[in-house]
2 protein chains.
Amino acid sequence: MVEGAASGWREARRQSARDAIVDAAWELVRADGLAALSIRDLAKRAGITTPTIYAYFDSKHAIYDAMFGRAAAEFADRMTEPYGSENPRDVLVAGVERFVEFCTTDPARYQLLFQRPIPGFSPSSESFAPAVRALDASRQRLAVNRIVDPRHLDMWTALTTGLVDQQISNDPGGTRWSSLTEEVVDMFLTYCQTSQLAPRVPGPSKGERGGRDRQG
Amino acid sequence: MVEGAASGWREARRQSARDAIVDAAWELVRADGLAALSIRDLAKRAGITTPTIYAYFDSKHAIYDAMFGRAAAEFADRMTEPYGSENPRDVLVAGVERFVEFCTTDPARYQLLFQRPIPGFSPSSESFAPAVRALDASRQRLAVNRIVDPRHLDMWTALTTGLVDQQISNDPGGTRWSSLTEEVVDMFLTYCQTSQLAPRVPGPSKGERGGRDRQG
DNA sequence: GTCTATAGCTGGATAGAC
DNA sequence: GTCTATCCAGCTATAGAC
């Protein structure tokens, strides 16, 4: 940030104007859904006009990118806040509870972060960076529970996103699936511990598929 | 269908014209995504003009509803085809494998059936009926595995949709999550069997939430 | 940087001839 | 039922004055 310090306060004012636009964008999106965001409505909500929007953002996708960047930062901040326990299992449970709460309290944010609902939009690597940090922290919480098998990590993401997805899709505002967090975590831990103590050898399956290969 | 028999062949021709439009709609949606469907493109693809579309459907939502109805029928047909095994566990595994394959081979169909991606659209009860039949069959496959606790049923939907969601979102066309099906089923069965033999009593949690209530 | 005004396009849906 | 032609609304984005 050496050259940034030269015209720092100019850049700061520009940045705060950008932030105000992103604020308004999130308000609109929370109310009407991600796809319903329009530049006109956004300008109206922000108290400016549409050309002014384009003074700060090159395109609508650039706005989505800034929204993504803020959401990713919030996600990383929330997930890396200190956990009050030393017990690895309890930290894991608390992490999922935070994750579920983070997602369910703002479904639009969840959609933008973890699904791909905007045709043609992909977040820039800068906007994506904080999300990587958070996902790495999640990997570490699993590691202190001695879970490092890549297949188990994939199972973990399936379990947690499944809870979130069902909660948002089928019981918005309720706790029907989020209240299952503790049970799911214990199920998962029990399975991983036993399967690593005595690696499971699949018996002859009568299913419709052939045997599967166990990747490293 | 008594009064339908009177003008049966007229209705049949009308129905086949409707089917052709729905065919074209699914082709477009598979290629460009659910939200990208437009009446103009649809008419062009179907070899007719836009007013002709409105001779068969009252609105765009009515088209989505017909698309939903077909998808639900396909879903029910596929999921209720006979399973080649008598083993309850193997039937359960095969069911998930079918479910995952059904969803991943046509993500747009999955989205329309199981998520709510069209603002303002809800399927009519007639279109939804076949889906109910399929979900009930799923409930029965769990019941023969002695799984009837409502909480376990909810866990089950979270597990299966989690696998599908991760597979579609993060490895489209691959098998990174779908190949975990058998392990996930066994993890779930093991957990349910032990938890019903000896109901789990949660110890003092050091997590961030208070105790949870175990609903019936 | 901010505005007024508008270009240029695409969308759903319809009027009216045939 | 099917067409041509069109209405009207909404959208992103820009030109040009200030």
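Quick note: numbers below take in every heavy atom, side chains included, and nothing from hydrogens, waters or symmetry partners. In what follows, chains are A, B, ... by sequence order, proteins preceding strands, each numbered from 1.
Taking 4.0 angstrom as the limit, B/T49 places a side-chain polar atom (N or O) nearer than this to OP1 or OP2 of D/dC3. Between A/S59 and D/dT12 there is no side-chain N or O to OP1 or OP2 distance below 4.0 Å. Between B/T50 and the phosphate of C/dT14, there is no side-chain N or O to OP1/OP2 separation shorter than 4.0 Å.
Among the atoms of the strands shown, only primed sugar atoms or phosphate atoms (P, OP1, OP2) are found under 4.0 Å from some heavy atom of A/L37. Within the 4.0 angstrom heavy-atom criterion, only backbone atoms of the sugar-phosphate kind lie near B/S38; the bases stay farther away. Within the 4.0 angstrom heavy-atom criterion, no nucleotide atom of any strand lies near A/R13.
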Q: Would you please test A/V96 and A/F188 for side chain to side chain contact (heavy atoms under 4.5 Å, CB included) and show each step?
A: CA-CA 12 Å; A/V96 182; A/F188 178 72; over 6 Å; no
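The distance from atom NZ of A/K44 to atom P of D/dC11 is 9 Å, rounded to the nearest whole Å. In this entry the distance linking CG of B/D58 with P of C/dT14 reads 9 Å, nearest Å. To the nearest angstrom, P of D/dC11 lies 11 Å from CG of A/D32. The distance between atom CG of B/L42 and atom C1' of C/dG12, rounded to the nearest whole Å, is 12 Å. The distance from atom CD1 of B/I53 to atom P of D/dC3 is 10 Å, rounded to the nearest whole Å. A straight line from CZ of A/F57 to P of D/dT12 spans 14 Å, rounded to a whole angstrom. One interatomic measurement links the two molecules: CG of B/L28 to C1' of C/dG12, which rounds to 16 Å at whole-angstrom precision. One can place NZ of A/K60 at 8 Å from P of D/dA13, the figure rounded to the nearest angstrom.
Each of D/dG1, D/dA13, C/dG12 was ranked by its minimum atom distance to the side chain of B/Y54; first place goes to C/dG12. Of the candidates C/dG12, D/dG1, C/dT14, C/dG12 carries the atom nearest the B/I39 side chain, counting heavy atoms from C-beta on. Taking every side-chain heavy atom of B/Y56 into account, D/dG1 is the closest of D/dT4, D/dG1, D/dC11. Counting only heavy atoms from C-beta on, B/D41 has its side chain closest to C/dG11 among C/dA15, D/dA13, C/dG11. Across D/dT2, D/dC3, C/dA13, the shortest atom-to-atom separation from the side chain of B/I48 is found for D/dC3.
The ring pair (Phe, Tyr, Trp, His ring centres under 6.0 Å) test with A/F75 singles out one residue from A/Y110, A/F68, A/F114, A/F128, and that residue is A/F114. Screening A/N145, A/L142, A/L189, A/V93 against A/P88 for a side-chain contact (heavy atoms from CB on, under 4.5 Å) leaves a single residue, A/N145.
With salt bridges taken as basic N to acidic carboxylate O contacts below 4.0 Å, one links A/R78 and A/E81.
Across B/L34 and B/A108, no two heavy atoms sit closer than the pair CD1-O, 3.8 Å.
For C/dG12, its base sits under 3.5 Å from the side chain of B/R40 at one donor and acceptor pair at least.
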